[in-house]
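For reference, the structure is listed below as structure tokens.
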Amino acid sequence: MTAPVDQDADRRFMDAALALGRRGFGLTAPNPSVGALIVKDGIVLARGWTAPGGRPHAEPQALAQAGAAARGATIYVTLEPCSHHGQTPPCCEAIVAAGISRVVYAVGDPNPDVAGRGAAYCRDHGLDVLGGIGDAAARRDHLGHILRMTQRRPAITLKFAETADGFVAGGPHDPRLSITGVAANGMVHVMRAMHDAIMVGVGTVLADDPLMTVRLPGVQAKPLRVVLDGGLRLPLHSRLIQTAGEAPILVLTRAESLDARGKALREIDGVEIAVVPVSASGALDLRAALRVLADRGITRIFSEGGPTVGSALIAEGLADEVILFQAEKPLGREGVPTMSGAARGMLHDPMRFRQSENLEVGTDRLHRFERMI
């Protein structure tokens, strides 16, 4: 007689596996950051998460840690175990060989090389297989991988910082605003480190001259820095260009802009230029730009692109998560609105987004919105 399944325990262990998987955010592209937990008789025997660079996968790391004790145990995995021979053997084969008796996974892998085959392999070899535990959270965690496989684009986290009255900058001759405090600024650097790339429009570069780097003690993350620049206006004296040798830059532009300036940029160590088509409005086609990034293996983008890019991402349904830091003080005069009125309306449309967080971060407030999926 089969022992009854403790669904509460399954959910608790899957929550722990999901937390493990998040440790690899920003480090494992093009592979998803998966978490794995091996449990027997309610005792955690081993843990694993995808290593930097995408290998080893979470499952073989946990299996190696458990050793012979894995026989008869349950493995909790945040994504269906892989079933194809790539640079490493299939995880489903390793699970079976280790003597695992039960596999619990959160969400199926849409990769056409897997797509149900990993779960089927385990079932065919006599293992008890259960899917869908913690699937809502896992879909969020693995959204970049899912979208890259199904829509050929990365997941996008869009971040804004605004004054209490809704502005990201002052007037044309105002100095650059320092909107958020120390705590919020530190959180932004953590968020950057959890993504594969940081993306802005060239307008943000011209206005703010940002570095777009992760500056946290002991953290070596170097996300790809992406600039949407249809006219190749990126200044050669900008801090981005001056630090290109330390952290790579990808400039996305239109074919018509590849003139002498494009040649000068290409000669700078650490700078790469890629051509994307334009939309009917004459701006760079955002979906085409995201295809370029997905084809490079990028799964998670942190966009700090400002009002124009941010509003366009929301309008085109490409902003999967929106982080809005709001300062306690207003600008008190006319400035640059954070986003278009239409974009703000979409952000507060419950059919498009749900607000998942509203909390204080130092002297500021963080509002987190998630696209309905």
Side-chain angles (χ1 to χ4, degrees), residues 9-40 43-67 69-70 73-84 86-95 97-98 100 102-111 114 118-119 122 130-146 148-149 154-155 157 190-196 214 216 218-223 297-300 302:
D10 280 347
R11 284 190 286 269
R12 288 197 305 273
F13 288 127
M14 186 59 75
D15 285 345
L18 287 162
L20 289 172
R22 293 178 192 124
R23 295 186 178 191
F25 280 179
L27 301 173
T28 66
N31 289 348
S33 183
V34 176
L37 206 67
I38 296 177
V39 179
K40 184 189 288 185
I43 298 172
V44 175
L45 303 179
R47 307 176 302 163
W49 58 93
T50 310
R55 299 178 189 84
H57 291 182
E59 298 95 321
Q61 292 193 81
L63 291 169
Q65 190 181 113
T74 295
I75 187 167
Y76 293 87
V77 191
T78 61
L79 187 70
E80 177 188 2
C82 69
S83 59
H84 60 293
Q87 295 189 28
T88 55
C91 290
C92 62
E93 293 183 8
I95 289 170
I100 290 286
R102 183 169 181 255
V103 177
V104 181
Y105 68 94
V107 67
D109 190 340
N111 184 338
V114 184
C122 293
L130 176 64
I133 300 297
D135 58 337
R139 286 184 189 281
R140 288 289 175 191
D141 286 359
H142 295 306
L143 187 59
H145 173 67
I146 292 170
R148 183 168 174 262
M149 290 295 147
T157 298
V190 173
M191 292 176 178
R192 287 177 178 175
M194 297 172 71
H195 290 78
D196 310 324
V214 176
L216 293 170
V219 177
Q220 302 300 317
K222 290 187 178 181
I298 300 295
T299 62
R300 293 170 54 84
F302 192 64

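- Annotation: the span from Ile95 atom CD1 to Ile75 atom CD1 amounts to 4.5 Å, rounded to 0.5 Å.
- Note that OG1 of Thr28 is 9.0 Å distant from NE2 of His57, once rounded to the nearest 0.5 Å.
- Judged by distance alone, the side chain of Thr78 and the main-chain N or O of Gly35 form a donor-acceptor pair under 3.5 Å.
- With a 4.5 Å cut-off on side-chain heavy atoms, His145 and Pro110 count as touching.
- A donor-acceptor pair is defined here as one N or O able to donate and one able to accept, closer than 3.5 Å; such a pair exists between the side chain of Arg300 and the backbone of Met194.
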Where do Asp10 and Arg102 land on the side-chain contact (heavy atoms from CB on, under 4.5 Å) test, with the steps shown first? CA-CA 11 Å; Asp10 280 347; Arg102 183 169 181 255; 2.7 Å; yes
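- Side-chain contact between Asp141 and Leu79 is absent, with no heavy-atom pair separated by less than 4.5 Å.
- Rounding to the nearest 0.5 angstrom, the gap separating the OH atom in Tyr76 from the CD1 atom in Ile133 is 8.5 Å.
- Residues Ile100 and Ile38 have side chains in contact (heavy-atom distance under 4.5 Å, counting atoms from C-beta outward).
- Across all non-hydrogen atoms, the minimal contact from Gly134 to Ala106 is O-CB, 4.0 Å.
- Nearest heavy-atom pair across Cys82 and Val114 is CA-CG2, 4.0 Å.
- Leu37 contributes atom CG, which lies 8.0 Å from atom CZ of Arg47 (distance to the nearest 0.5 angstrom).
- No side-chain donor from either of Asp109 and His142 sits under 3.5 Å from a side-chain acceptor of the other.
- Ser33 places a side-chain N or O within 3.5 Å of a backbone atom of Gly21 that can act as its donor or acceptor partner.
- Contact between Ala137 and Arg22 at its shortest, heavy atoms only, is CB-NH2, 4.3 Å.
- Of all heavy-atom pairs spanning Ser83 and Cys92, the tightest one is CA-SG, 3.7 Å.
- Residue Val39 is tested with Leu45, Val104, Val44 for a side chain to side chain contact (heavy atoms under 4.5 Å, CB included); the sole match is Val44.
- Atom CG in Asn31 sits 5.0 Å away from atom CZ in Arg55 (nearest 0.5 Å).
- The structure places NE2 of His195 at 3.0 Å from OG1 of Thr157, a figure rounded to the nearest 0.5 Å.
- Within the 4.5 Å cutoff, the side chain of Pro223 has heavy atoms near those of the Val214 side chain.
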side-chain contact (heavy atoms from CB on, under 4.5 Å) evaluation trace for Glu59 with Val77: CA-CA 7 Å; Glu59 298 95 321; Val77 191; 3.4 Å; yes
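- The shortest heavy-atom contact between Ala58 and Trp49 is CB-CA, 3.7 Å.
- The backbone N or O of Pro56 sits less than 3.5 Å from a side-chain atom of Gln61, completing a donor-acceptor pair.
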